[in-house]
There are 2 protein chains.
Amino acid sequence: MGSVADTAFPAATHVSVAVVFQVRDGCLQVLAWKRQRDPFRGAFALPGGYLSDDESLEASITRHLAAKVDVREVAHIEQLGTWSDPGRHPSEWQVMTAYLGLVATGLDPALPGDTTWHPVDALPALAFDHQAIVLTARDRLRAKLSYTNLGFALAPPTFTMSELRDIYVVALGHPVSATNLQRVLVRRGELVATGERRAPGAVGGRPASVFRFRTSGLEVTDQFAVLRPPRPPENRSGDGS
Amino acid sequence: MGSVADTAFPAATHVSVAVVFQVRDGCLQVLAWKRQRDPFRGAFALPGGYLSDDESLEASITRHLAAKVDVREVAHIEQLGTWSDPGRHPSEWQVMTAYLGLVATGLDPALPGDTTWHPVDALPALAFDHQAIVLTARDRLRAKLSYTNLGFALAPPTFTMSELRDIYVVALGHPVSATNLQRVLVRRGELVATGERRAPGAVGGRPASVFRFRTSGLEVTDQFAVLRPPRPPENRSGDGS
DNA sequence: ACAAAAGTGTTGTTACTACACCCATGG
DNA sequence: CCATGGGTGTAGTAACAACACTTTTGT
């Protein structure tokens with residue numbers, strides 16, 4: 001790939017890590033485990049580890065994540081980026097590829113003793129450059145909630161609009177109207193009503209309609225926010241809708 | 001970072017490559033060089049090469065790019081992603097991080113003999129998985145032209161709206177109105193008028209105003225395409241702009 | 001005068017937000 | 001019968017696209 005003068009150097013080690021988010025207890029939380037060894041003994045770190053022989057990064061992060069959480073409960077995972085500052089690890093030349101993973105609200109995966117959820121708004125000291133990675137992951141999540149159907153990975157299989165609204169509020173960090181959220185997501189085709197209704201709570205109130213996401217795979221629902229291509233010059237009468 | 005069972009494996013080699021785009025001769029072109037050696041002898045490949053000791057990926061791609069083009073003429077560069085399929089290189093276990101680079105229209109950098117521009121719409125056979133990388137890069141460029149000021153990296157220092165329109169048409173692949181493009185970019189604060197005017201061509205026509213981009217660094221200009229946070233209840237008169 | 005290119009004014013549309021008001025249930 | 005939460009209807013708005021029309025030049 002390089003020119004003739006290039007030869008393979010003693011290669012950097014490559015690790016994969018994952019920022020796994022879940023909305024639980026009313027706040028956005030991230031999975032981290034407590035290091036027992038130097039460097040950063042006692043600090044929390046993101047789950048991950050070394051890339052193995054003949055393994056893709058996707059396979060690597062899935063394998064390492066499986067040691068911390070049941071990966072069947074991770075509804076979505078995507079590559080965030082690769083960090084390669086030579087000084088990012090104190091004693092090793094290490095390149096890191098980070099992933100964003102999402103677990104639906106309501107699940108409570110079994111975790112090993114060293115692993116816990118931490119509110120993103122009140123993070124403990126994190127090892128290496130992991131804090132910056134977490135914030136990058138949160139930015140990615142917030143952006144994609146706006147223009148994709150990524151909510152499917154944060155929400156339980158079915159939900160009322162109030163429940164979904166609460167999830168969006170926590171993930172986005174700003175108020176969201178359940179009324180308008182419903183209309184936006186239904187119009188985009190992300191959400192469909194199941195026809196069921198949820199019984200009201202002890203204090204009364206009208207029973208809420210139950211919704212689900214139409215698909216459980218990532219779809220871009222608003223690709224061209226601006227500068228969209230011109231519509232083909234259809235005749236506007238007699239459209240088949 | 002990993003658990004106790006993890007040890008460093010014989011590490012994959014890591015290469016960086018760049019998809020360098022320029023709008024030239026009325027189409028979007030990408031920089032590639034012709035391989036003289038196996039594998040893929042005779043095919044074209046993206047510029048790039050091995051990661052060196054104590055070097056970040058950004059430094060690496062800049063260094064390798066410098067062998068093919070004057071990097072001072074690359075107006076913008078950003079990480080695209082990392083490809084790690086074990087089978088992507090026929091004889092070596094190789095992880096690749098790809099970058100997107102942009103060169104402004106009008107420049108004509110000196111290139112080595114093995115390196116040429118290729119229209120993205122008529123690519124020759126590319127080595128490895130480089131064709132997929134080029135298409136990913138084009139998608140990224142098209143998306144970011146819509147919601148950021150990334151046009152600054154494709155346009156010359158100053159330009160008329162017709163010239164800028166032609167660049168956007170080629171990069172986006174669909175018609176763009178110069179009239180509306182001006183209003184959108186000026187309203188967003190991306191574009192400012194220099195006050196100069198460009199003399200009309202031989203066939204006449206009104207002289208065109210000359211514009212420039214306000215900044216030459218990436219800025220997100222339309223962060224919340226949807227689900228934007230509610231406006232704070234300001235009094236709408238007397239804003240300080 | 002006329003063609004060509006640039007620029008302005010204006011209307012229409014989409015996809016939202018905002019908010020008043022109505023509906024269904026439990027105590 | 002009324003508080004509570006859910007849902008509907010509708011007005012307001014930002015940011016576009018579309019297009020007719022006007023301005024400024026060269027021949």
Side-chain angles (χ1 to χ4, degrees), chain A residues 145-147 159-166 168-169 172 174-191 193-211 220-237 239 241, chain B residues 145-147 159-166 168-169 172 174-191 193-211 220-234 236 239 241:
Chain A
L145 278 179
S146 278
Y147 68 91
F159 44 83
T160 67
M161 285 315 302
S162 287
E163 292 163 356
L164 188 64
R165 187 260 318 270
D166 292 343
Y168 273 67
V169 165
L172 292 172
H174 65 73
V176 174
S177 145
T179 293
N180 290 331
L181 182 65
Q182 172 186 341
R183 280 191 276 221
V184 167
L185 298 186
V186 168
R187 185 174 42 71
R188 289 185 180 178
E190 296 184 27
L191 238 50
T194 64
E196 300 164 50
R197 302 193 155 261
R198 193 90 91 208
V203 290
R206 178 171 168 175
S209 296
V210 176
F211 291 82
V220 173
T221 53
D222 196 330
Q223 186 173 11
F224 295 108
V226 290
L227 294 177
R228 41 170 85 77
R231 289 170 305 165
E234 304 164 359
N235 43 2
R236 61 193 72 172
S237 64
D239 65 295
S241 121
Chain B
L145 278 178
S146 277
Y147 68 90
F159 44 82
T160 67
M161 286 314 302
S162 287
E163 292 163 356
L164 188 65
R165 187 259 318 268
D166 292 343
Y168 273 67
V169 165
L172 292 172
H174 66 72
V176 174
S177 143
T179 293
N180 289 330
L181 182 65
Q182 172 185 343
R183 280 190 276 223
V184 167
L185 298 186
V186 167
R187 183 174 43 72
R188 288 185 181 178
E190 295 184 29
L191 239 49
T194 64
E196 300 164 51
R197 298 191 158 262
R198 193 91 90 210
V203 292
R206 179 170 168 173
S209 296
V210 176
F211 291 83
V220 174
T221 54
D222 197 331
Q223 186 173 13
F224 296 108
V226 290
L227 294 178
R228 44 172 82 77
R231 290 170 304 166
E234 303 165 359
R236 62 193 73 171
D239 66 295
S241 119

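First the proteins, then the strands, lettered A, B, ... as listed; each starts at 1.
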**Fill in**
Heavy-atom nearest nucleotide on DNA chain C taken for Ser177(A) and for Pro200(A); more 5' hit belongs to Ser177(A)

**Request:** Summarise protein proximity over nucleotides 4-10 of chain D in one line of letters, 5' to 3': B for base, S for sugar-phosphate only, - for none, counting protein heavy atoms closer than 4.0 Å.
**Result:** BBBSBBB

**Request:** Take the protein atom CD of Glu190(B) and the nucleotide atom C1' of dA15(D), then report the distance between them rounded to whole Å.
**Result:** 14 Å

**Asked** At under 4.0 Å between heavy atoms, what does Ala199(A) touch on the DNA or RNA strands: base, sugar-phosphate, or nothing?
**Response** nothing

**Message:** If I take atom OH in residue Tyr147(A) and atom P in nucleotide dT14(C), what distance separates them, rounded to the nearest angstrom?
**Reply:** 24 Å

**Prompt:** Heavy-atom distance under 4.5 Å between the side chains of Phe211(B) and Thr194(B), does that happen here?
**Reply:** no

**Residue list, side-chain contact (heavy atoms from CB on, under 4.5 Å) with Val169(B), at least two apart or on another chain** = Arg165(B), Val176(B)

**Asked** Quick one: ring pair (Phe, Tyr, Trp, His ring centres under 6.0 Å) partners of Phe159(B), sequence neighbours excluded?
**Response** Phe213(B)

**Message:** According to side-chain contact (heavy atoms from CB on, under 4.5 Å), who are the partners of Arg197(A), at least two apart in sequence or on a separate chain?
**Reply:** Pro207(A), Ser209(A)

**Asked** Rounded to the nearest Å, what distance is computed from the CG atom of residue Leu181(A) to the P atom of nucleotide dT17(C)?
**Response** 9 Å

**Message:** Taking side chain to side chain donor-acceptor pair (under 3.5 Å) as the definition, give me every residue that meets it alongside Arg206(A), ordered by chain and number, with sequence neighbours left out.
**Reply:** none

**Request:** Report the distance from atom CZ of Arg198(A) to atom C1' of dT25(C), rounded to the nearest whole Å.
**Result:** 16 Å

Return all side-chain donor-acceptor pairs below 3.5 angstrom for residues 177-185 of chain A, not counting sequence neighbours, or 'none' if the list is empty.
residue, atom, partner, partner atom, Å
Ser177(A), OG, Thr179(A), N, 3.3
Ser177(A), OG, Asn180(A), N, 3.0

